[in-house]
Amino acid sequence: MNVPRGLKTKALRKKLIDEIPNAMLRSMLEGECLDVRKIGRPLRGTPGDFILGGFLEGIDYADVDNGEWIWSIGRNKKTGQIRASTSGRYYEHPDYECLWVR
């Protein structure tokens with residue numbers, strides 16, 4: 001099993017096991033899920049939304065700090081900025097091309 005960088009100490013593993021839902025933890029440890037806080041930053045003024053530095057197909061996304069799955073990811077049609085949300089807001093948003101939906 002490939003352990004994501006930064007999760008190699010016993011204390012961090014214990015924290016993950018105690019605080020992250022089991023399916024999310026399993027996905028992260030198996031490399032099938034990315035933490036949006038590691039590949040982007042929170043969008044100020046919009047809780048649950050993130051600006052991402054990139055997007056990979058075939059992988060799941062989560063806000064691990066809050067134990068929430070990402071439900072939609074979209075690319076702004078004018079700027080190309082990629083955003084993720086714990087809601088479905090980027091699924092049918094007129095200004096965004098939907099890249100991913102849960």
Side-chain angles (χ1 to χ4, degrees):
M1 169 180 19
N2 291 332
V3 177
R5 199 165 157 206
L7 301 182
K8 297 185 184 221
T9 68
K10 287 182 183 179
L12 282 173
R13 283 179 188 260
K14 170 116 175 72
K15 178 181 187 295
L16 284 174
I17 291 167
D18 290 345
E19 296 179 10
I20 299 174
N22 288 338
M24 192 178 293
L25 175 62
R26 190 171 35 258
S27 274
M28 294 240 356
L29 293 176
E30 291 176 0
E32 298 170 353
C33 178
L34 291 175
D35 181 356
V36 291
R37 292 177 186 269
K38 302 279 189 219
I39 61 169
R41 61 183 168 80
L43 181 63
R44 275 185 268 171
T46 312
D49 279 27
F50 299 85
I51 296 173
L52 303 184
F55 171 76
L56 296 172
E57 289 202 35
I59 198 154
D60 216 342
Y61 292 83
D63 174 6
V64 175
D65 284 3
N66 291 318
E68 293 184 78
W69 292 104
I70 293 299
W71 284 87
S72 63
I73 299 175
R75 178 183 289 123
N76 186 286
K77 292 177 181 177
K78 290 181 182 176
T79 66
Q81 184 181 68
I82 299 171
R83 292 186 179 181
S85 180
T86 55
S87 76
R89 85 174 69 244
Y90 299 114
Y91 173 55
E92 292 183 323
H93 194 293
D95 297 332
Y96 287 82
E97 169 194 0
C98 183
L99 301 175
W100 188 90
V101 66
R102 175 172 285 285

Please output the side-chain donor-acceptor pairs of residues 91-100 that fall under 3.5 Å, not counting sequence neighbours, one pair per line with the distance.
unit_1	atom_1	unit_2	atom_2	d
His93	ND1	Asp95	N	3.0
Tyr96	OH	Arg83	NE	3.3
Tyr96	OH	Arg83	NH1	3.2

query = Looking at residues at least two apart in the chain, or sitting in another chain, which of them share a salt bridge (Lys or Arg N to Asp or Glu O under 4.0 Å) with Asp63?
reply =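 Per chain and number, Asp63 pairs via salt bridge (Lys or Arg N to Asp or Glu O under 4.0 Å) with Arg37.
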
request  = Can you sort out the partners of Arg102 under salt bridge (Lys or Arg N to Asp or Glu O under 4.0 Å), two or more places apart, ordered by chain and number?
outcome  =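 So Arg102 forms a salt bridge (Lys or Arg N to Asp or Glu O under 4.0 Å) with Asp60.
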
In terms of hydrophobic clustering (I, L, V, M, F, W, Y; side-chain heavy atoms under 4.5 Å; direct or indirect links), are [X] and [Y] co-clustered?
X: Phe55; Y: Ile39; result: yes
X: Ile82; Y: Ile59; result: yes
X: Val64; Y: Trp69; result: yes
X: Tyr61; Y: Phe50; result: yes

Say you draw a straight line from [atom1] of [X] to [atom2] of [Y]; how long is it, rounded to the nearest 0.5 Å?
X: Ile73; Y: Arg89; atom1: CD1; atom2: CZ; value: 13.5 Å
X: Leu34; Y: Met28; atom1: CG; atom2: CE; value: 8.0 Å
X: Lys38; Y: Asp65; atom1: NZ; atom2: CG; value: 7.0 Å

message = Please check: side-chain N/O of Ser72 versus main-chain N/O of Val101, any donor-acceptor pairing under 3.5 Å?
response =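 No; judged by distance alone, with no hydrogens or angles, the pair does not exist.
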
request  = Determine the minimum heavy-atom distance between Ala84 and Ile70, stating which atoms define it.
outcome  =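 Nearest heavy atoms, Ala84 then Ile70: CB-CG2, 3.9 Å.
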
inquiry  = Applying side chain to side chain contact (heavy atoms under 4.5 Å, CB included), can you list everything that pairs with Pro47, at least two apart in sequence or on another chain?
reply    =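 For Pro47, no residue satisfies side chain to side chain contact (heavy atoms under 4.5 Å, CB included) once neighbours in sequence are set aside.
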
key: Partners passing side chain to side chain donor-acceptor pair (under 3.5 Å) against Tyr90 (at least two apart in sequence or in another chain)   =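 Testing Tyr90 for side chain to side chain donor-acceptor pair (under 3.5 Å), a comparison that skips the adjacent residues, returns Asp49.
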
